[in-house]
Amino acid sequence: MIPNKSYIKRRQQLALNMKKGIAIIPTSPERVRNRDCNYPYRFDSYFYYLTGFNEPDAVFVMMVGDNIHATKTILFCQDKDIEQEIWKGFRYGPESAKEVFSIDEAYPISILDEVLPKLLAGQSRIYYSLGHDATWDLRLTGWLNQVRDQSRSGISTPPEIYDYRMLIDEMRLLKSTEEIQLMRHAAKISSRAHCRAMQVMRPGMKEYEIEAEFLHEFRKHGSEAPAYTPIVAGGANACVLHYINNNMELKSGDLVLIDAGCELNGYAADITRTFPINGKFSPVQKDVYQLVLSAQSAAISNVKPGNSWDMPHTAALQVLVQGFIDMGLCQGNVDSVIESEGYKQFYMHRTGHWLGLDVHDAGEYKQNGKWRLFDLGMALTVEPGCYIRPAENVPEHFWNIGIRIEDDVIVTTNGCEVLTASAPRSVNEIEELMQ
Ligand code: GLY
Ligand code: MN
Ligand code: MN
C-alpha cells in the first residue's frame with residue numbers, strides 16, 4: 001500500500017505546481033452494466049493518485065492561496081448510511097475519511113451543489129478536466145452561472161479554466177519507490193499467470209479456458225481485476241490487434257498470442273507472450289519469433305536515462321525491417337522500407353507506452369515538439385510485434401502468424417529493470433516450460 005504521507009506529499013507537490021486557484025477533481029461515476037447491475041467499480045486515476053480514496057461519489061477539492069501554507073484540501077464523499085451500508089458495504093463517511101486520509105475538511109457529497117458556487121466565488125483560476133465527463137462539465141457550468149448571477153454584488157467569476165491533468169501527468173510519469181514496488185508485484189503476479197498458461201495449454205482447449213487461468217491467478221494473488229480485457233488469440237486471431245472474443249478453439253500447429261496483465265492496488269501490468277499451442281515452434285514460427293525477440297532486445301537496450309522516447313521504437317524497427325527484407329516480406333533496403341512505411345503491413349503499432357495507474361498511462365510523449373528523454377523512475381512497455389495477414393505479396397507459409405512480445409520496464413541509472421522477466425521469452429525457455 002502507498003502510505004498516507006505519500007498522498008500528502010503528492011497534494012503538496014500539486015499545490016506547488018498550481019497557481020493561486022481551486023482544483024476540482026471528481027472520481028469516476030459507477031457505471032451500469034445492464035438494468036440495475038453495475039460494473040465492478042474503478043476509481044478515477046487522477047483522483048486516486050491524490051487521495052488514495054476508493055469510494056464512488058466523491059470529489060476532491062484543493063484551494064491554493066498566495067502560498068503553500070494557504071492551501072486547503074476538501075473531500076466530498078458519501079455520507080454514512082446504515083441502510084445503504086447493509087446493501088452495498090462500508091463507507092468511511094466524511095468524518096472518518098477526513099482523519100484516515102489526512103484531508104483538512106470533509107463534507108457529504110449531497111451538499112456539493114450548495115457549497116461549490118461559494119468556493120468558486122472570487123477565484124482567479126479553476127483547475128478542472130474540461131471535456132472528460134459531460135455530466136461534470138454541465139455541473140461546473142451551473143455553479144459558474146450561479147456565481148456570475150452575483151456579479152452586481154461585486155463577486156467575480158473565475159475567468160480561467162486550466163486542465164489539472166497537465167500538471168498531474170508530469171508527477172505520475174515519475175514513479176516513486178512505493179509505486180515501483182507495487183508495479184513489481186503486479187508484474188510478478190501477471191508473469192506467473194503467463195507461466196501457468198504455458199503449462200496448462202493443450203491443443204483443443206478454448207481461448208476462454210486460458211483466459212480463465214489468468215483470472216484465477218490474478219484474483220488468487222490479490223489483484224483486484226485484469227488491468228484491461230485479456231486477449232487470448234489463437235492462430236489468425238493474433239493478427240486482430242484488439243481481439244477480445246476469446247471464444248475459438250486453440251489448434252495444434254498454431255501459435256497463441258496472449259496479452260494479459262493484472263491490476264494491483266490500481267497499478268497495471270501489461271504482458272504479451274506468444275507461444276506454440278502444441279509446445280513446439282515450427283521452423284517458420286521460430287524464425288519470425290526470433291526476429292521479434294531480437295527487435296525487443298534492441299528496444300530494451302535503448303531504454304536508459306538520456307535516450308529519447310523514440311529510440312527503442314527506432315531500434316526495434318531497424319531490426320524488424322531488416323528481418324522483413326531477409327524473409328522476402330518487404331523489398332528494398334531498410335531506409336527505403338522505413339521511408340515508404342511498407343513495413344506497416346506487418347508492424348502497424350508503436351513499440352510501447354507509459355504504464356502505471358492506467359495501462360496506457362499519463363504523460364506526454366513529446367515536449368516542445370521533441371521526443372521526451374527517459375529519466376529515472378519512468379515506467380513503460382516494450383512491445384514489438386509482427387502480424388502477417390494472408391495477402392498476395394506474402395508467401396503462404398507466413399500467413400496468419402501473429403507475434404507480440406511485451407514486457408514492462410522501469411528506467412534505472414544504468415538502463416532499465418525488466419519487471420516481467422520471469423515470464424519465459426526465449427524459444428528454449430518456452431518449449432521447456434511447456435514440456
Ligand atoms: N494491452 C494493451 C497494450 O498492450 O497496449
Ligand atoms: Mn501495452
Ligand atoms: Mn498489452
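Numbering of ligands and ligand atoms starts at 1, following listing order.
Take the Mn ion (ligand 2) and draw a sphere of radius 2.8 Å; the protein N/O/S atoms inside it number 4.
With respect to the salt-bridge test (charged N to carboxylate O, under 4.0 angstrom), the residues Glu160 and Arg125 qualify.
Remark: aromatic rings of His194 and Phe275 are distant, center separation not under 6.0 Å. Remark: aromatic rings of Phe53 and Phe60 are distant, center separation not under 6.0 Å.
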Would you please test Tyr347 and Phe324 for ring pair (Phe, Tyr, Trp, His ring centres under 6.0 Å) and show each step?
CA-CA 10 Å; Tyr347 184 44; Phe324 295 163; 7.6 Å; no
Take Tyr41 and Asn54 through the side-chain hydrogen bond (donor to acceptor under 3.5 Å, both in side chains) test and state the conclusion after the steps.
CA-CA 9 Å; Tyr41 181 67; Asn54 65 5; over 6 Å; no
Given side-chain contact (heavy atoms from CB on, under 4.5 Å), test Asp259 with Asp270 step by step and report yes or no.
CA-CA 7 Å; Asp259 186 342; Asp270 182 8; 3.1 Å; yes
Derivation and outcome, side-chain contact (heavy atoms from CB on, under 4.5 Å), residues Gln12 and Ile8:
CA-CA 6 Å; Gln12 285 170 344; Ile8 295 171; 3.9 Å; yes
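Ordered by chain and residue number, the residues placing a heavy atom less than 4.0 Å from ligand 1 are Tyr228, Asp259, Asp270, His353, His360, Glu383, Glu406.
Taking the six-membered ring where tryptophan is involved, the planes of Phe43 and Tyr48 are essentially parallel, since the angle between them stays under 30° and well short of 60°.
Checking Tyr208 against Asn245 by side-chain atom types alone, no donor-acceptor pair falls below 3.5 Å.
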